[in-house]
Engineer: 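To start, I am sharing the structure in question, which I have written as structure tokens.
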Amino acid sequence: MSTIKRIWAREILDSRGIPTVESYCQLDDGRFATSSVPAGTSTGSHEALELRDKDTKRYRGEGTLKACENINNVLGPALIGMDPIKQSNIDQKLISIDGTENKSKYGANAILAISEVVCKVASLSQGKSLYSWINELAVEKGIAIGVKIPTPLINMINGGSHGAGNLDFQEFWVIPATNKKFSEGLQMSVEIYQTIGENLSRRGAIHSVGHEGGYAPNLFTNADAFEVFVESVRQTNYSLGRDVFLGLDVAANSFYKDGEYTIRDRSSTLSDDQLLDYYKELIGTYKLAILEDAFQEDAWGSWKKFYAALSDTCLIAGDDLLVTNPKRLQKAIDEKACNAAIIKPNQIGTVTETLQVVKIAREANFKIITSHRSGETNDTFIADFSVGIASDYAKFGAPARGERVAKYNRLSAIEIELEYFKKNK
Ligand code: PGA
Ligand code: ZN
């Protein structure tokens, strides 16, 4: 049995130029792994706490030196001598040392950085691919039978708090049909992404790309973005509703204030019921397959109405609503508030707890959407995680910007590896 010899961390930058935590773990057999954690921009208020230094003399208060010190001085030393294969023991120890409900003592960023790096080094020490080791953990919990490459939700346009353009909705996706091979779906999506870019530029609408690599244009309305999608898909000769579908993370927290929602598609502010009517129209017109965070994170009543009206037509995904938290997920199941769960390990803080949330979601027949964050690194843990838990969907941003493409390229590598194993059984 190999044991943990040393765990340490340092501060690095994420894709937005904001500090995050990179962790290292060395075993007594010499094996070594590194991992880094992402961070959100449009974070839900019920997420586990991401520890920031709040020292305004450094990185405008966003430094992560304290989180790194917590790893170097407290959390890392406490795990020395432990078996890295016992992921749940490792995570349980981290949870009990922190002792708070939302990991506010030592920081969910510090705790997850250790949980993930131990998971990685455990896979190395057993000579297993990371996704297959995660799959073993998932099988043990009754979450998955085999591995699966998820269908990607590919981000084409960024708005809200992710884009510098004028759109209110955060992420506009193209979704390849679920029966397509991953590589085929990726290729189609890239061709559509580049066509959308040309069409936006011809209209003089391109501004820049947003945090997740989608174009961040200025358009007349949010729905106009879908008009550009329809035009672009037609030009690529793929068929909307057969080869590809459309979807949306509106991230409603970001256009909600004092009981009202403000979107550029309507001249006056909208109540929850008026927003629901707007969604009915939008979903009907563009045949949206998935809609995420349709209402503000605590508007349970509106979520329930939305579910009752549209759950047969469209997947209703909860992100800021659920925050990968077992209690909030259970409430959403009991109250019939949604039928798909966005899974982000850093919202809860350990690999084991993330697996537990996936288990609860699966047992309630929810679709699983494994997700990156807007502040990412080139770490590809989340790609392996999505395959290991046999996630239905994965969202890793646009097919642009290194930190997004790294995850899609990792899924391609896994696809090739799985095909090789199938042929050489
Ligand atoms: P975030 O955005 O990482 O900024 O929270 C992603 C999302 O809302 O899904
Ligand atoms: Zn979201």
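Start at 1 and go down the list; that is how both ligands and their atoms are numbered. Predicted model, so just to flag it, every value in this text is computed and none were measured. In what follows, residues are counted from 1 in the order of the sequence shown.
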Engineer: For atom 9 (O) of ligand 1, what is the closest protein heavy atom, and at what distance to 0.1 Å?
Structural biologist: Lys395 NZ, 2.6 Å

Engineer: If we set the cut-off at 4.0 Å for heavy atoms, which region of Thr41 has an atom near ligand 1: side chain, backbone, both, or neither?
Structural biologist: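 Both backbone and side chain.
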
Engineer: Is a side-chain N or O of Asp243 found less than 3.5 angstrom from the main chain of Ser239, in a donor-acceptor match?
Structural biologist: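 Confirmed, Asp243 side chain pairs with Ser239 backbone.
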
Engineer: Should you measure from each heavy atom of Glu292, which atoms of ligand 1 turn up under 4.0 Å away?
Structural biologist: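 Within the 4.0 Å cut-off of Glu292, ligand 1 contributes 9 (O).
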
Engineer: Kindly compute the distance separating CG (Leu246) from CG (Leu153), expressed to the nearest 0.5 Å.
Structural biologist: 11.5 Å

Engineer: Are Asn70 and Asn73 close enough that a side-chain donor and a side-chain acceptor fall under 3.5 Å?
Structural biologist: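 Distance-only check fails for Asn70 and Asn73.
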
Engineer: Under a heavy-atom criterion of less than 4.0 Å, does Ala251 contact ligand 1?
Structural biologist: no

Engineer: Show the atoms of ligand 1 that are less than 4.0 angstrom away from any heavy atom in Glu171.
Structural biologist: 6 (C), 7 (C), 8 (O), 9 (O)

Engineer: Within a distance under 4.0 Å of any heavy atom of Asp319, pick out the atoms of ligand 1 and give their elements.
Structural biologist: 7 (C), 8 (O), 9 (O)

Engineer: Of all N/O/S atoms in Asp249, which lies nearest to the Zn ion (ligand 2)?
Structural biologist: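 For Asp249, the N/O/S atom sitting closest to the Zn ion (ligand 2) is OD2.
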
Engineer: Check whether Tyr261 reaches the backbone of Thr269 with its side chain - one donor and one acceptor, N or O, closer than 3.5 Å.
Structural biologist: no

Engineer: Indicate whether the side chain of Gln187 and that of Glu191 have a donor and an acceptor atom separated by less than 3.5 Å.
Structural biologist: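 Present: a donor and an acceptor within the cut-off.
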
Engineer: Have Ser45 and Glu297 got a donor and an acceptor in their side chains that come within less than 3.5 Å?
Structural biologist: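 Result is yes, a qualifying pair exists.
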
Engineer: Less than 3.5 Å apart, any donor N or O on the side chain of Tyr106 or Glu69 sitting next to an acceptor on the other?
Structural biologist: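 No - no donor-acceptor pair under 3.5 Å links their side chains.
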
Engineer: Give the atoms of ligand 1, by number and element, whose distance to some non-hydrogen atom of Ser374 is under 4.0 Å.
Structural biologist: 1 (P), 3 (O), 4 (O)

Engineer: Can you name the one residue among Thr324, Asp320, Asp298 that meets side chain to side chain donor-acceptor pair (under 3.5 Å) with His46?
Structural biologist: Asp298

Engineer: Looking only at protein heavy atoms, which one is nearest to atom 7 (C) of ligand 1, and how far off is it?
Structural biologist: Lys344 NZ, 3.1 Å

Engineer: Under a 4.0 Å N-O cut-off, is there an ion pair linking Arg202 with Glu231?
Structural biologist: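 Salt bridge between Arg202 and Glu231, a charged N being under 4.0 Å from a carboxylate O: yes.
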
Engineer: With the threshold set at under 4.0 angstrom, would you say Glu212 reaches ligand 1 through any of its heavy atoms?
Structural biologist: yes

Engineer: Any idea which part of Asp249 is under 4.0 Å from ligand 1, heavy-atom wise: side chain, backbone, both or neither?
Structural biologist: side chain

Engineer: Atom 8 (O) of ligand 1: which protein heavy atom is closest, and how many Å away?
Structural biologist: Gln170 NE2, 2.8 Å

Engineer: Looking only at protein heavy atoms, identify the closest one to atom 5 (O) of ligand 1 and say how far it is in Å.
Structural biologist: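 Checking every protein heavy atom, the shortest distance to atom 5 (O) of ligand 1 gives Arg373 NH2, 2.7 Å.
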
Engineer: Closer than 3.5 angstrom, by distance alone: can the side chain of Ser115 be matched with the main-chain N or O of Ile111 as a donor-acceptor pair?
Structural biologist: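 No: the side chain of Ser115 does not pair with the backbone of Ile111.
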
Engineer: Assess His372 for proximity to ligand 1: is some non-hydrogen atom of it under 4.0 Å away?
Structural biologist: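 Distance cut 4.0 Å: His372 fails for ligand 1.
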
Engineer: Give the residue, atom name and distance (to 0.1 Å) of the protein heavy atom nearest atom 2 (O) of ligand 1.
Structural biologist: His162 CE1, 3.1 Å

Engineer: Check all N, O or S atoms of Glu292 and name the one closest to the Zn ion (ligand 2).
Structural biologist: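 Minimum-distance N/O/S atom of Glu292 relative to the Zn ion (ligand 2) is OE2.
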
Engineer: Is the Zn ion (ligand 2) less than 2.8 Å from at least one N/O/S atom of Asp319?
Structural biologist: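 Yes, since at least one N, O or S atom of Asp319 sits under 2.8 Å from the Zn ion (ligand 2).
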
Engineer: I'd like to know if the side chain of Lys141 reaches the main chain of Thr352, judged simply by a donor and an acceptor atom lying under 3.5 Å from each other, with no hydrogens or angles considered.
Structural biologist: no

